[in-house]
Amino acid sequence: MQASTASAIAAQRRAALAQRVPVWPRLTMGDWFDRLATQYAEREHIYTPEKIYTYAESRQIADRLAKSLMALGVQRREHVAMLFPTVPELAFLQLAVAKIGCVSVPLNERMGAVDLAYQVKQSDSVRLIAMDHCEDRHYIEKLQHMLPEMQGAPGAWRAESFPRLRQVVVQSPSGARYGGALDWESFLRLGDGISDEALAERQKASRYPDEVTLICYTSGTTGSPKGVMLTHDMLMRSAYGTAWSECYDDGERLASPLPLHHIFGYKIGFLSVLFVGGTYIPQALFDPGKFLALLEASRATRIASVPTIAVALLNHPDLKKYDLSSLRAMINAAAPTPLWVWEALQRELGVKELFTAWGMTEVAGAAMYTPFGAPLELISTAVGKEKPGGASGVEEFGGLQAQFKLIDPSTKEDLPPDVHEGELAVRGNIVTRGYYKKPMETGEAIDKDGWLRTGDIFRRRDDGYFEITGRAKDLYKIGGEQVAPKEVEEIIGQHEAINQVYICGVPDERMGEVGAAFVQFKSGKSSSEEELTAFVQERVARFKVPKYWMFVEEFPMTASGKIQKFMLRKIAIEHFGLGGNATPSAQRR
C-alpha cells in the first residue's frame with residue numbers, strides 16, 4: 001500500500017472514530033456495552049455457524065445472565081471463575097459479571113485439574129461456571145477430579161479444599177446434568193425472579209470504572225501463574241486504542257480462534273470491534289480447515305492471529321478453495337513472524353493491512369503497534385512504537401496510551417539516553433495495578449511511580465521503533481559477560497537441521513553460569529554436538545557458545561503454548577548434575 005493512500009485511509013477512519021468518541025467518557029464495561037448495543041441494536045454482534053446474535057440479542061442475554069448471578073447471591077466485587085472454550089456464552093458471562101460490579105476469572109480450558117484448582121482457589125472465586133465438554137475436550141472430568149463434592153446432591157455447598165467456592169454451574173450442549181452442580185437451564189430460570197429495575201439499580205451502584213473487573217492469569221513462564229488485575233477503564237481504553245491504532249472501519253468483521261481467556265483474544269477479538277459496531281467471529285477450538293470455511297461464510301474482513309495459526313492457514317491444502325475476497329486486514333503478534341510469512345499472508349490470503357504489536361496481560365493487551373500501512377520489512381523486524389489512543393490516550397503523553405523507558409535489568413536504574421538497549425519499563429492508563437494477593441511480586445514489578453518492569457529486553461532503533469532482543473530473566477552472565485539467549489538461538493536456528501532451539505543459563509563452578517541448549521531437529525534431519533558447536537563458534541563470541549547440549553523431541557510449554565525456560569533450567573541442572581555450583585557429573589548429552 002502506498003504511503004499516501006495509507007495516510008488518507010487512516011485519517012478517514014480515525015476521523016469517524018473521533019466523531020463517535022470525541023472525548024473519553026469514563027464508563028464501566030457494562031455501561032459501555034449498553035451504550036453501543038443501543039446504537040447498533042440491529043447489527044450483527046457475534047457470528048457463529050450455528051447462530052448469529054445481534055447487539056440487541058446479546059444485551060438481552062447478558063442482562064438475563066446478570067440477573068441469574070444476582071439471584072445466585074453473587075455480591076459486588078466477588079469473583080466468578082469461568083471454564084469455557086471460545087464460545088459466545090463466555091463473552092456474555094463476562095459482560096454480565098461486569099454489569100453487576102463483579103470480577104471475571106476466565107480459566108484456560110487447556111489446563112489440567114491441578115492448575116485449574118490453583119487458580120480457582122488463589123483467585124477466591126465464589127462461583128465456578130463451566131461447559132462440560134467441547135468436541136473431544138471433556139472439562140467435566142477435570143472438575144469432578146477437583147471437586148468430588150460435585151458427586152453429591154445439587155444446590156449450594158462448600159468444597160473442603162475451596163473455602164470460598166459456594167457453587168458450580170455446568171452448561172452442557174447435550175443437556176447432561178452432574179450431581180451437585182446446578183444445570184444451565186435452572187441457572188437461567190433463577191434470573192426470571194429479578195426485575196429490570198433491580199438489575200438497573202445494581203448496575204448503577206457498580207459504576208466505578210477504576211474497579212477491577214477482570215483477573216487474567218499469566219501463562220507462568222517463570223513460575224506459578226499470577227492473577228493480573230485489570231479495571232473496566234483499562235480494558236475499554238485499550239480496546240478503543242486498538243481500533244484507533246489499526247484504523248478499524250465501520251462494521252469490521254473480525255474473526256479469531258484466539259481464546260477469550262487470554263487478554264489478546266478478549267481485548268482485540270471481542271472488545272475492540274464494539275467501538276465500530278463490528279462483528280466478532282470466534283472459533284471454539286482452532287482447526288485451520290474449519291477456520292478457513294468460517295472466514296468465507298462469515299465474510300470476515302479482519303483476522304486476529306498468532307504466527308502458528310497463520311502458518312497453519314497458509315499450509316492448509318484446501319486454502320485456494322475458499323473465497324476470502326472480503327479479507328482486508330490481519331494482526332499477527334505474540335511471537336516473532338518471519339518476513340516470508342508476512343509475504344505469504346499478503347499473497348495467499350489477500351490481506352493488505354498488516355500489523356504486529358507487543359503487549360502482555362499486564363498492559364491490558366498491547367502497548368506497541370506498527371503503524372497503519374507500514375512496509376513488511378518494518379513489520380517483520382520491529383514490534384512498533386508507543387500505541388496511540390485517540391480520545392482514550394494520556395494527555396501528558398501526547399495522546400499515547402503508554403510511556404516507555406529502558407532500564408538496567410540488574411539495578412533497575414534508568415539507562416542514559418545514548419544507551420539504546422535494556423529492559424523495557426512502561427506506565428500509562430492501560431497498565432495493571434498489580435497481581436491479586438501477591439504483594440511481593442507486585443512490588444518487584446511495579447515501582448512507586450507506576451512503572452512496570454516488563455521483563456523484556458528491547459532495543460530502540462534509530463528510527464524510533466523497538467525490537468525485542470530477549471527476556472531479562474533469560475539473561476545470564478558467564479565470567480562477567482552478559483549473554484542474551486535469543487541472539488544465540490537465532491544463530492543456531494539458521495542451521496539446516498534445526499527446527500527449534502532454546503537456551504538457558506545453568507550454574508558453573510568456574511564461570512558462574514554457562515549456556516545449555518535444547519535442540520529439536522526437523523523431521524528426518526539430525527546433527528551432532530560437535531558440528532553444532534563448530535557452527536556457532538564461527539558466528540558468535542566464544543563465551544556465547546553453549547557448553548551443554550540436549551537433543552529433545554518436545555519442550556515444556558505453558559497451557560497457552562509458551563516455552564517454560566525455568567523448566568529447561570531445572571531439566572538441565574538435574575540431567576547434568578549441576579546442583580548449586582557443583583562440578584557436573586555428566587558434561588554433555
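Positions are given from 1 along the sequence.
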Next on the checklist: Going by the rule salt bridge (charged side-chain N to carboxylate O under 4.0 Å, His left out), which residues pair with Lys486 if we only count those two or more places apart in sequence or in a different chain?
Outcome noted: Glu490
Item to check | Lys121: side chain to side chain donor-acceptor pair (under 3.5 Å) partners, not counting sequence neighbours | outcome: none
Item to check | Donor-acceptor under 3.5 Å (Trp342 side chain, Thr337 main chain) | outcome: yes
Checklist entry - Step by step, would you call Cys216 with His261 a side chain to side chain contact (heavy atoms under 4.5 Å, CB included)? => result CA-CA 7 Å; Cys216 195; His261 65 74; over 6 Å; no
Next on the checklist: Please check this pair: side chain of Arg433 against backbone of Met229, looking for a donor-acceptor N/O pair closer than 3.5 Å.
Outcome noted: no
Checklist entry - So, for Leu258 and Gly265, which heavy atoms are closest and what is the spacing to 0.1 Å? => result CB-CA, 3.8 Å
Item to check | Short side-chain to backbone donor-acceptor contact, Thr442 and Tyr435, under 3.5 Å | outcome: yes
Checklist entry - Considering all heavy atoms of both residues, which atom of Ala572 and which atom of Ala516 are nearest to each other, and what is their separation? => result CB-CB, 4.1 Å
Next on the checklist: Applying the side chain to side chain contact (heavy atoms under 4.5 Å, CB included) criterion to Phe566, which one of Gln564, Arg569, Lys570 satisfies it?
Outcome noted: Gln564
Checklist entry - Do we see a donor-acceptor contact under 3.5 Å between the side chains of Asn332 and Ser305? => result yes
Item to check | pair Phe286-Thr86: side-chain heavy atoms closer than 4.5 Å | outcome: no
Next on the checklist: If the condition is side chain to side chain donor-acceptor pair (under 3.5 Å), which residues does Arg461 pass it with, not counting sequence neighbours?
Outcome noted: Thr381, Asp463, Glu467
Checklist entry - Do NZ/NE/NH1/NH2 and the carboxylate oxygens of Asp449 and Arg427 come within less than 4.0 Å? => result no
Checklist entry - Between Ser256 (side chain) and Pro282 (backbone), is there a donor-acceptor pair under 3.5 Å? => result no
Item to check | Listed partners of Ser7 passing side-chain contact (heavy atoms from CB on, under 4.5 Å), at least two apart | outcome: none
Checklist entry - Can the ring centres of Phe458 and Trp358 be said to be less than 6.0 Å apart? => result yes
Next on the checklist: For a 4.5 angstrom cut-off between non-hydrogen side-chain atoms, does Leu116 reach Met146?
Outcome noted: yes
Checklist entry - Side chain of Ser123, backbone of Val120: donor and acceptor closer than 3.5 Å? => result yes
Checklist entry - Residues two or more places apart in sequence or in another chain: which of them pass side chain to side chain donor-acceptor pair (under 3.5 Å) with Lys438? => result Tyr118
Checklist entry - In terms of side-chain heavy atoms, does Gln122 have a donor or acceptor partner in Tyr217 at a distance below 3.5 Å? => result yes
Item to check | For the student: nearest non-hydrogen atoms of Pro546 and Val536, plus distance | outcome: CD-CG1, 4.4 Å
Item to check | With Asp210 via salt bridge (charged side-chain N to carboxylate O under 4.0 Å, His left out) - residues at least two apart | outcome: Arg26
Item to check | Working for side-chain hydrogen bond (donor to acceptor under 3.5 Å, both in side chains), residues Lys267 and Ser272 | outcome: CA-CA 6 Å; Lys267 190 267 293 186; Ser272 64; over 6 Å; no
Item to check | Electrostatic pair Glu246-Lys387, nearest N-O below 4.0 angstrom | outcome: no
Item to check | Test side-chain contact (heavy atoms from CB on, under 4.5 Å) applied to Glu444 - qualifying residues, sequence neighbours left out | outcome: none
Next on the checklist: Donor-acceptor pair, distance only, cut-off 3.5 Å: does the side chain of Glu413 make one with the backbone of Ile407?
Outcome noted: no
Checklist entry - Under the side chain to side chain donor-acceptor pair (under 3.5 Å) test, which residues partner Asp287, sequence neighbours left out? => result none
Checklist entry - Between Phe551 and Trp549, how do the two ring planes meet: parallel, tilted or perpendicular, split at 30° and 60°? => result tilted
Checklist entry - Should Met368 and Leu424 be marked as a side chain to side chain contact (heavy atoms under 4.5 Å, CB included) after you check the CA-CA gap, both sets of side-chain angles, and the distance that decides it? => result CA-CA 12 Å; Met368 286 186 195; Leu424 185 76; 3.8 Å; yes
Item to check | Short N-O contact, Arg137 and Glu109, less than 4.0 angstrom | outcome: yes
Checklist entry - Using the benzene-type ring in the case of Trp, are the ring centres of Phe404 and Phe466 under 6.0 Å apart? => result yes
Next on the checklist: Main chain of Ile379, side chain of Thr370: is a donor-acceptor contact present, judged purely on distance under 3.5 Å?
Outcome noted: no
Item to check | salt bridge (charged side-chain N to carboxylate O under 4.0 Å, His left out) partners for Asp447, two or more places apart | outcome: none
Next on the checklist: So does Tyr240 get a backbone contact from the side chain of Ser392, meaning a donor-acceptor N/O pair under 3.5 Å?
Outcome noted: no
Checklist entry - Salt-bridged, Lys544 to Glu487, with N to O below 4.0 Å? => result yes
Next on the checklist: Glu353: which residues meet the salt bridge (charged side-chain N to carboxylate O under 4.0 Å, His left out) condition with it, sequence neighbours left out?
Outcome noted: Arg13, Arg302, Arg328
Next on the checklist: Test your reading of the model: is there a side-chain donor-acceptor pair from Glu421 to the backbone of Arg460, 3.5 Å cut-off?
Outcome noted: no
Checklist entry - Phe555 and Tyr502: aromatic ring centres closer than 6.0 Å? => result yes
Checklist entry - What residues, two or more places apart in sequence or in another chain, satisfy ring-ring contact (aromatic ring centres under 6.0 Å, His included) together with Tyr436? => result His79
Checklist outcome for this item: side-chain contact (heavy atoms from CB on, under 4.5 Å) filter on Leu339, not counting sequence neighbours, yields Glu343, Leu376, Ser380
Next on the checklist: Run Ile309 and Val306 through side chain to side chain contact (heavy atoms under 4.5 Å, CB included) and show every step you take.
Outcome noted: CA-CA 6 Å; Ile309 289 174; Val306 294; 3.8 Å; yes
Next on the checklist: Apply side chain to side chain contact (heavy atoms under 4.5 Å, CB included) to residues Glu362 and Val426 and explain how you reach the verdict.
Outcome noted: CA-CA 10 Å; Glu362 288 87 338; Val426 56; over 6 Å; no
Checklist entry - If we only count heavy atoms from C-beta on, is the Leu271 to Leu235 side-chain gap below 4.5 Å? => result yes
